[in-house]
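Reading through the structure tokens given below for one structure.
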2 protein chains.
Amino acid sequence: MDTIHTSLTIQEAAATTGLTVHTLRYYERIGLLMPIGRAANGHRRYSQQDINLIRTLNRWRQTGMSLVDIQHYVKLIEAGDITAGERRAMLEAHRETVVRQMEELQTTLELIDYKIQNYTDIEEKQEQVKA
Amino acid sequence: MDTIHTSLTIQEAAATTGLTVHTLRYYERIGLLMPIGRAANGHRRYSQQDINLIRTLNRWRQTGMSLVDIQHYVKLIEAGDITAGERRAMLEAHRETVVRQMEELQTTLELIDYKIQNYTDIEEKQEQVKA
DNA sequence: GTACAACTTCGAGTTGACTCTAAGTCAAGA
DNA sequence: TCTTGACTTAGAGTCAACTCGAAGTTGTAC
């Protein structure tokens, strides 16, 4: 049966978000996700909105925001538009850390390229000796 | 006494590398750093070469290379020029992960800016209501 | 000569973020 | 009906990377 589902099971949610079912339940348990809707049998059903939120939170996670801070961010969302200013402030702070990370990665990239060149030179010298 | 020291104490090494003295000793203990030279009293003395290596390893760390992989990298350095090819391979692999991280950060940056704009719009609407 | 601070080792404890297990419920298929 | 497999909860276990504490040594400052 190819149900046109507007909501996803936990397996499907895991598949589309790249998290595991364990992690999805864990996130909900620690209050990082608002309680997810349930089917008649008690099983979780993830709405498209849930999925979008999870994708967003996952981006914050993967760029170094802690679970505690993300928790706070979600609380702000739940509290409604009145918290828009505070949410903006959080994102502006996170923006700074993202920019700093990019700078560090850029510097590291240059170091890597420099060292790769060094190692390549050494390898070429070794080839010459053999020849 | 302003000694012109060519080598640094563990405190000084911590200060210039941004690591803690605990972490410096920990790194040495797990074999991530080759044994550091000692003064007559048994205290560690970090040479400029040690400091340079620590700075480099710290870059690999802060861009996501695991301690186990860094350990391996240091072993290769200790083994000399013969390992240049393997070191180059490691750095080429790490280069890939660094580039991927940068891409992810860039995407996240765009999402952050989009959301900051959203929140700013909401805040402006709230100002209008008050006025 | 004794207090003090900085060092030493070794092992234990902590933190953040999962990850897994046990025990149980429930619906669909053979 | 019985098995199978996905789901549920609560709590325990794991892992990487530190981080700290205890007990002891040493070198300068008063």
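Here is how names work: the chains are called A, B, and so on, in the same order as the sequence lines, proteins then strands, and each is numbered from 1. Only a predicted model underlies this, so the values are computations on that prediction, with no experimental measurement involved. In what follows, every heavy atom counts, from backbone to side chain, and hydrogens, waters and symmetry copies are set aside.
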Only counting residues at least two apart or in another chain, list the ones meeting side-chain hydrogen bond (donor to acceptor under 3.5 Å, both in side chains) with A/Thr56. none
Considering only heavy atoms, which members of residues 91-103 of chain A lie under 4.0 Å from some atom of DNA chain C? none
Between C1' of D/dA6 and CD of A/Glu12, the distance in whole Å: 12 Å
Donor-acceptor contact below 3.5 Å, side chain B/Gln101 vs main chain A/Leu105: no
Under 4.0 Å, heavy atom to any atom of DNA chain D: which of residues 44-68 of chain B qualify? B/Arg61, B/Ser66, B/Leu67
Kindly write out the residues that satisfy salt bridge (charged side-chain N to carboxylate O under 4.0 Å, His left out) with B/Glu104, not counting sequence neighbours, or none if the list is empty. A/Arg59
For atom CD1 of A/Ile36 and atom P of D/dC7, their distance in whole Å: 14 Å
Return the residues of residues 13-31 of chain A meeting this criterion: a heavy atom under 4.0 Å from some atom of DNA chain D. Order them by number, or give none. A/Arg25, A/Arg29
Which whole-number value in Å describes the distance from B/Ile10 CD1 to C/dC7 P? 7 Å
Applying salt bridge (charged side-chain N to carboxylate O under 4.0 Å, His left out), name anything that partners A/Arg95, two or more places apart in sequence or on another chain. B/Asp113
Do any side-chain atoms of residues 68-77 of chain B form donor-acceptor pairs under 3.5 angstrom with protein atoms, and if so which ones, sequence neighbours left out?
{"residue": "B/Gln71", "atom": "NE2", "partner": "B/Ile30", "partner atom": "O", "Å": "2.8"}
{"residue": "B/His72", "atom": "NE2", "partner": "B/Glu86", "partner atom": "OE2", "Å": "3.4"}
{"residue": "B/Tyr73", "atom": "OH", "partner": "A/Tyr119", "partner atom": "OH", "Å": "2.8"}

For residues 34-41 of chain B, which side-chain N or O atoms pair as donor and acceptor with protein atoms under 3.5 Å away, sequence neighbours left out?
{"residue": "B/Arg38", "atom": "NE", "partner": "B/Ile36", "partner atom": "O", "Å": "3.4"}
{"residue": "B/Arg38", "atom": "NH1", "partner": "B/Gly42", "partner atom": "O", "Å": "2.9"}
{"residue": "B/Arg38", "atom": "NH2", "partner": "B/Glu28", "partner atom": "OE2", "Å": "3.4"}
{"residue": "B/Asn41", "atom": "OD1", "partner": "B/His43", "partner atom": "N", "Å": "3.0"}

Residues two or more places apart in sequence or in another chain: which of them pass side chain to side chain contact (heavy atoms under 4.5 Å, CB included) with B/Glu96? B/Arg100
Ignoring hydrogens and angles, tell me if any N or O in the side chain of A/Thr17 forms a donor-acceptor pair with the backbone of A/Ala13 under 3.5 Å. yes
Could you tell me which residues satisfy side-chain hydrogen bond (donor to acceptor under 3.5 Å, both in side chains) with A/Glu110, sequence neighbours excluded, listed by chain and number? A/Gln106
I need the CZ-C1' distance between B/Arg38 and D/dT26, as an integer number of Å. 14 Å
Under the rule for side-chain hydrogen bond (donor to acceptor under 3.5 Å, both in side chains), what residues qualify as partners of B/Asp121, not counting sequence neighbours? B/Gln117
In chain order, what residues pass the side chain to side chain contact (heavy atoms under 4.5 Å, CB included) check against A/Arg55, with sequence neighbours excluded? A/Thr16, A/Gln48, A/Ile51, A/Asn52
Whichever of B/Asn41 and A/Asn41 has its nearest DNA chain C nucleotide further upstream toward 5': B/Asn41
Distance below 4.0 Å between A/Gln11 side-chain N/O and D/dC7 OP1 or OP2: yes
